[in-house]
**Q** 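Before I ask anything, let me first share the structure, which is written out below as structure tokens.
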Amino acid sequence: MESNQAELAKAYDAQSIQKEVTQMWDAEKLWHAEPDERPREKRYSIVIPPPNVTGALHLGHAINNTLQDILIRYHRMLGDNTVWLPGTDHAGIATQTVVDKRLQAEGKPALKEYKACEAKGGNGREQFLQKVGEWKTEYEARILGQLRAMGCSCDWDRTAFTMDEPRSKAVREAFFQLFKAGLIYRGKRLVNWDPVTQTALADDEVEMEEVDGSFYYLKYPVYEQSGTGYQPVNDEHGQVAHATVATTRPETMLGDTAVAINPKDPRAASLRGKFVTLPIVDRIVPIIEDEYVVLPIAHGGDENDAKAKFSSGFLKVTPAHDPNDYILGQKYNLPMINVMAPDASISLDHGWGALEPHQKDNETLKRYIGCNRELARASVVEFFKANGLLEKIVPYRHSVGHSYRSHAPIEPYLSDQWYCKVTDPRMAGAANASLAPDQRSSPSESSMGVPPMAQQQEHERDAHDTKNDGLRFFPERHAKTFESWHNNIRDWCISRQLWWGHRIPVWSKTFAFPNDIETDAMEMVYEWAGRASIVFTPKGEWNPRNWNFEDSNFEEYDPKDWNEQIAGEFECFVCIDTDPIYMAETVIAQDLEKAGFTRDPDVLDTWFSSALWPLSTLGWPENDAKAVDYWNPTSVLATGRDIITLWVSRMVMFNQFLENRLPFQTVYINPTIQDGQGQRMSKSLGNGVDPMDIIESHGADAMRFTLASMATQTQDVKLPVDLIDPHTGETFEPKFITTPAGHVVAAPIQEHKGKKCISSYGAASGAAKPTPEMPVAKNTSSKFDLGRFFCNKLWNAGRFVLMQISGQSSVGSGQDHATAAHRPLPTAHFVDESKWSTIDRWILSRLARTVQACNEAINSYRFDNYAKAAYDFVWRDFCDWYLEASKPAMKDPNRREETARILATCMDVSLRLMHPMIPFITEKLWWALRDTNAPSGIDDRFPTFASKKPRVMTAPFPIFDDRMDTLTSGGAERVVERLQEIVGAIRNVRNDNKVDQKKRVNVTLVCESAICHHLENNREFIEGLALCTLDAVGPDAKEPANSTKTTAAGVTVFVVGVIDAGAAEKRKAELTKQIAGMRTKLSNEGYVAKAPPKVVEETRAMLAAAEAELAKL
RNA sequence: GGGCGAUUAGCUCAGUUGGCUAGAGCGCCUCGCUUACACCGAGGAUGUCGGGGGUUCAAGUCCCUCAUCGCCCACCA
């Protein structure tokens, strides 16, 4: 008890408060929750989003963690059974380049050596995974450590990691269910291939970057069929005719299987049925006609079409190396010739050689084999040039997909991958159908429509909980992004050729028909039918015959009957049920491997496991995990805009499919924090601000408060980044430079006060090397001063209140100023309203309205309004006016008891009100308030909890209700506003005339008799706050000599002893202008006739007042 | 190319269904360390609300248009 008060004598120290309060939270585990009997509407849950893919923690995470913690703490204080599950995703350490760098830094073998080891039959993969597992621990500690430092009240007993066994089991179970339902398939498709890390990427893992390239115009000789052979075609000049194609990737011509022309092209008719010969490979390919080909301007193309300017009218078709060509290839049934190895070098070994065995003897081609893309491109161009087949090269700037992992250009690459059929109505359709009706576009606008199953689900959901009618976005406009994503969605490539991740739980083996039908392995397949989902498909294609145990007709699928469907080889894919009837998952896997089945070497896309987060963190699919049914659907997901398609969509689809309900009821999209130039914070630009640095420099509460106040409804907020001089600790604005890519970044080397330091861009880009003389400067932002100033103010106001209500004049000062008025306060149990002044009624009214504003703000996810309302009350109303007004009242024995009660009440209520936003400081002040045992609370209108609840974290959040509403007083607010204006006017006169701040001046107020008593009753307030003595107040008060006249709130104010001739003139001019404006308005017939009478009346009243004032002057 | 958003004080941003003299914080200027607070207090200056048009008695707010900037998606002929 003593210590809490003694410490309050000290200045605000965020660090020590954080430390002390954190210890309490750790010891008492107030954040822990277990399922109980509380009804559904009293359950509240959030699952924390896994951090982003680079593992860089910056304010983008801090803002949504802060906002989520506000919601969690708010609901906990409302008495909800509240849980927030912290977790980490593996993505942050999954990038191969990061892994490789790290391995080398630690003196370990490089990734390729682990791979070589594995290839030779060693346990390279296992060794590698073990190594990465160690880093994970470190990485996880960093992320969870940041959350703790921020004050996030996660349930630390329920931390989850995507790769741990409960989460892994969830992945296997989800995969199994999707597989069984036919929503997972294997396909030979064109994928986004990263040749450096040699893995496929999802569409959204591809980043577009502008690069300077060229258009190469290649001439292909035109041929026609003659008899059994082909002959060159001559043009009108007797020369060999050519079809010129324009391409940015000449090397892919090795895989061309057609040349296309638009049928509208005037040249098309004469080329119909003809062919071209591809140089180098000597392949004769057809000229096909398709409207897709852009007409060149010279042949009727659209002049406004950028492509028409470059088009030659002929399009080379390379189905294996271009997504659009792939579509054409399918349409015209063209061969797909893959000419590249996985590392994007030219190769005959990945399909090409099998299709065209003769190419192995092609001497011209030999020099291209093994070349990488860049070299092959140069060589091909060189060949065309040397043979007179290169028409021209035109420079062209265009955007090219790059891998977000390696930043290498993406190669569209034909390969076998696993896909999740998200285009199925049970997935994308269900996701759109799960939107709340008022956030959904009409069915006619949505190309997906609402599948019958989703309608069914909707019906069940309604029955389940009528309050929640579907997924809801805040701000609402984001629902549109979500919806259109699903309307245009493509199947999701879920396999990745990596090692660190969830391995695809599918075993496969090739069988030959009919010879292998009677083998032991096949007999086992029959036996496993009950514990696995099994697919038979002709080798190399996906044309499955599902064979599930539950399917009573599985006899129909007897492979013996397949002779017409499957000739030759077929493949058997087995996906094991995680909850088999009578045999463990691992035993089946072992049996499979013994029987010659091999597990798929690929791992799943990281978002596959992330998509299960709202289920897997709660213990799904374990039957005894009560938490799943209790807290899923979770209440809210707070996240960034860019995540809507990556993660939100997938969580909705998976949760809907697997559990037939939403993963969360609300998606709150927080603004994206950008740097001062409007650029996203990124590691490579070095413009990210580390929340831990801010916590160190400003405190966690200050950071949280500032972030909350930045959470407006806009989609981006700019946060100018400053640097901290490592030599002096001072903050300064960096000098900026523009990178060739057009980014504005802090110059690598910065100078402040004659000493140099390195910006984080300099360090990240490697442009400057840190030395002891030239260390790296941390990033910060002066924006966080707002929060720090506020916390400091609150702390000091708290000290003052505690001092007052505990009857001490100066806590810990050692001096004894005690007088009669300073003796300890008696404990009053009854509120004596008769002793309340107008100011008392006003502050309680303001407090009630602040509670109301905060309630509304949080419920509508307007965190900025929440912060603003709290700020305005604490600083503007309470500190600026009420605290000052309370000083004389506390010296008056007749009033001090009630005043102390009101001071304590304001503190009690506002601490509870602000705790979700600034948890540390409010907790600390609460303990001190509690220890005073001072009477607080205004009966059941502002019930007090200071003496009843030891922790503010579990005290009730103030809720505005009818009883509290009885304390709102428009009358008191109007009177105090008037008083404030008068005080302001007097201060104004004093300041304008340089009156000594300590000098008390004499003032006379002339007012209407109607308001005279208000002024008289609050004489003390005016005299105290404007440091004056009121000589006379009333309608008949005389103008004193030697005084300056001013007007405030309809009251004429004379300040004696100050002469300011200019003031009256200034005021006259102001009034004249106002009067003119209002007269114009009122002389407008339309205004008087059409504007609401109330508005007109107000204008008239104001005009009258202004005219009266002017007349007096 | 499709979608979303922004443009209000020197800077960062509020401004809810159109209606009092357009606000806040920081910064700037003047004065003041008065026992809650100098991370403070009192006061002050600063705005053609991006440009143009329209609807209306009335537009920062609604509509059209132009300009600039940003983000997401699509696109490598």
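Order of the sequence lines sets the chain letters (A, B, ...), proteins ahead of strands, with each chain counted from 1. This is a predicted model, so every value here is computed, not measured.
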**Q** Quick one: list whatever passes side chain to side chain contact (heavy atoms under 4.5 Å, CB included) with A/V721, sequence neighbours left out.
**A**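 Partners of A/V721 by the side chain to side chain contact (heavy atoms under 4.5 Å, CB included) criterion, ordered by chain and then number, come out as A/D675, A/M681, A/V689, A/N779.
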**Q** Would you classify A/E884 as touching base, sugar-phosphate or nothing, given that sugar-phosphate means primed atoms plus P, OP1 and OP2, and contacts are heavy atoms under 4.0 Å?
**A**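 If one applies the 4.0 Å heavy-atom cut-off, A/E884 turns out to touch a base.
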**Q** Using side-chain hydrogen bond (donor to acceptor under 3.5 Å, both in side chains) as the criterion, list what pairs up with A/Q674, not counting sequence neighbours.
**A** A/D716
**Q** Does any part of the side chain of A/F878, heavy atoms only, come nearer than 4.5 Å to the side chain of A/V801, both counted from C-beta?
**A** yes
**Q** Report, one pair per line, the protein and nucleotides 23-26 of chain B atoms (nitrogen or oxygen only) whose separation is under 3.5 Å.
**A**
from	atom 1	to	atom 2	distance (Å)
B/G25	OP1	A/R876	NH1	2.7

**Q** Examine B/C76: is either OP1 or OP2 under 4.0 Å from a nitrogen or oxygen in the side chain of A/N324? Give yes or no.
**A** yes
**Q** Expressed in whole Å, how much space separates the P atoms belonging to B/C40 and B/G25?
**A** 11 Å
**Q** Could you check how far CG of A/D722 sits from P of B/G27, rounded to whole Å?
**A** 12 Å
**Q** If you apply the rule salt bridge (Lys or Arg N to Asp or Glu O under 4.0 Å), what do you find for A/R876 with A/D872, and how did you get there?
**A** CA-CA 5 Å; A/R876 300 277 85 95; A/D872 285 346; 5.7 Å; no
**Q** Does a donor on one side chain sit under 3.5 Å from an acceptor on the other, for A/S649 and A/H486?
**A** yes
**Q** Cationic tip of A/K868 within the cone over A/F873's six-membered ring, i.e. under 6.0 Å and within 45° of the normal?
**A** no
**Q** Looking across every strand, which nucleic acid part, if any, lies under 4.0 Å from A/R862 by heavy atom: base, sugar-phosphate, or nothing?
**A** sugar-phosphate
**Q** Tabulate below the donor-acceptor pairs under 3.5 Å that side-chain atoms of residues 980-987 of chain A make, not counting sequence neighbours, or state none.
**A**
from	atom 1	to	atom 2	distance (Å)
A/E981	OE1	A/A1049	N	3.3
A/R987	NE	A/L1025	O	3.1
A/R987	NH2	A/L1025	O	3.2

**Q** Determine the contact category for A/V717: base if any of its heavy atoms lies under 4.0 Å from a base atom, sugar-phosphate if only primed atoms, P, OP1 or OP2 are that close, otherwise nothing.
**A**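 The answer is sugar-phosphate, as A/V717 gets under 4.0 Å only of primed atoms, P, OP1 or OP2.
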**Q** Which pairs pass salt bridge (Lys or Arg N to Asp or Glu O under 4.0 Å) with one or both residues in residues 311-329 of chain A, sequence neighbours excluded?
**A**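 Every salt bridge (Lys or Arg N to Asp or Glu O under 4.0 Å) pair that includes a residue of residues 311-329 of chain A, provided the two are not neighbours, is A/D256-A/K316.
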**Q** Across the strands shown, which category fits A/A1091 at heavy-atom distances under 4.0 angstrom: base, sugar-phosphate, nothing?
**A**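 It contacts base atoms.
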**Q** Provide, to the nearest angstrom, the distance between the CG atom belonging to A/N487 and the P atom belonging to B/A74.
**A**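 Distance check: A/N487 CG to B/A74 P gives 14 Å.
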**Q** Suppose we screen for ring-ring contact (aromatic ring centres under 6.0 Å, His included). Which residues come up paired with A/F784, at least two apart in sequence or across chains?
**A**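 None.
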**Q** How about A/P296 and A/D265: do any of their side-chain heavy atoms sit closer than 4.5 Å?
**A** yes
**Q** Return one dot-bracket line describing RNA chain B 5' to 3' (Watson-Crick or G-U wobble pairs, both distances under 3.5 Å; ( ) same strand, [ ] crossing, | another strand, . none).
**A** (((((((..((((.....[...)))).(((((.......))))).....(((((..]....))))))))))))....
**Q** Could you list the residues that satisfy side-chain hydrogen bond (donor to acceptor under 3.5 Å, both in side chains) with A/T672, not counting sequence neighbours?
**A** A/R641
**Q** Out of the candidates A/F705, A/Y12, A/F790, only one should pair with A/I921 under the side-chain contact (heavy atoms from CB on, under 4.5 Å) rule; please name it.
**A** A/Y12
**Q** What is the separation between atom CG on A/N792 and atom C1' on B/C40, rounded to the nearest whole Å?
**A**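 A/N792 atom CG is separated from B/C40 atom C1' by 8 Å.
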**Q** Please report, rounded to the nearest Å, how far the C1' atom of B/C76 is from the OH atom of A/Y292.
**A**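 Value for this atom pair: 10 Å.
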**Q** Let me confirm one number: the OG1-CZ distance from A/T318 to A/R249, rounded to the nearest 0.5 Å.
**A** 7.5 Å
**Q** I need the CD-P distance between A/Q980 and B/G43, as an integer number of Å.
**A** 11 Å
**Q** Looking for any heavy atom pair under 4.0 Å, which part of the strands does A/C879 touch: base, sugar-phosphate only, or nothing?
**A** base
**Q** Looking only at the side chain of A/Y1087 (C-beta and beyond, no hydrogens), which of the listed nucleotides B/G19, B/G44, B/C13 gets closest?
**A** B/G19
**Q** For the residue pair A/D877 and A/Y882, confirm or rule out a side-chain donor-acceptor distance under 3.5 Å.
**A**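 No, because no side-chain N or O of A/D877 sits under 3.5 Å from a partner of the opposite role on A/Y882.
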**Q** What nitrogen or oxygen pairs link the protein and nucleotides 66-72 of chain B at under 3.5 Å?
**A**
from	atom 1	to	atom 2	distance (Å)
B/G70	O2'	A/Q674	NE2	3.1
B/G70	N2	A/Q715	NE2	2.5
B/C71	O2'	A/R641	NH2	2.6

**Q** C1' atom, B/C11 versus B/A67: distance in rounded Å?
**A** 23 Å
**Q** Find the distance A/N488:CG to B/C75:P and express it as a whole number of Å.
**A** 11 Å
**Q** Going from CZ on A/R377 to CE on A/M253, what distance comes out if it is rounded to the nearest 0.5 angstrom?
**A**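 Nearest 0.5 Å value for the CZ-CE distance: 13.5 Å.
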**Q** Provide a list of protein-nucleic acid N or O atom pairs under 3.5 angstrom, restricted to nucleotides 7-11 of chain B.
**A**
none

**Q** Name the closest nucleotide to the A/R799 side chain, picking from B/C13, B/C75, B/A36.
**A** B/A36
**Q** Could you tell me whether the phosphate oxygens of B/A14, OP1 or OP2, come under 4.0 Å of any side-chain nitrogen or oxygen in A/N865?
**A** no
**Q** Using atom CD of A/E1097 as one end and atom P of B/A58 as the other, report the distance to the nearest whole Å.
**A** 22 Å
**Q** Counting only side-chain heavy atoms from C-beta out, which of B/A36, B/G43, B/G19 sits nearest to A/F800?
**A**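 In terms of side-chain proximity for A/F800, the closest of B/A36, B/G43, B/G19 is B/A36.
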**Q** List for me each residue that meets salt bridge (charged side-chain N to carboxylate O under 4.0 Å, His left out) alongside A/R373, sequence neighbours excluded, and say none if there are none.
**A**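 A/R373: salt bridge (charged side-chain N to carboxylate O under 4.0 Å, His left out) contacts with A/E411.
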**Q** For nucleotides 30-32 of chain B, give me every protein contact, N/O to N/O, under 3.5 Å, one pair per line with atom names.
**A**
from	atom 1	to	atom 2	distance (Å)
B/C31	O2	A/Q997	NE2	3.2

**Q** Can you tell me if the side-chain N/O atoms of A/K793 get under 4.0 Å from OP1 or OP2 in B/G41?
**A** yes
**Q** Nearest whole Å is fine: how far is B/A36 C1' from A/W881 CH2?
**A**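 Spelled out: CH2 on A/W881 to C1' on B/A36 is 18 Å.
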**Q** Of the options B/G43, B/G41, B/C76, whose atoms approach the side-chain atoms of A/D880 most closely?
**A** B/G41
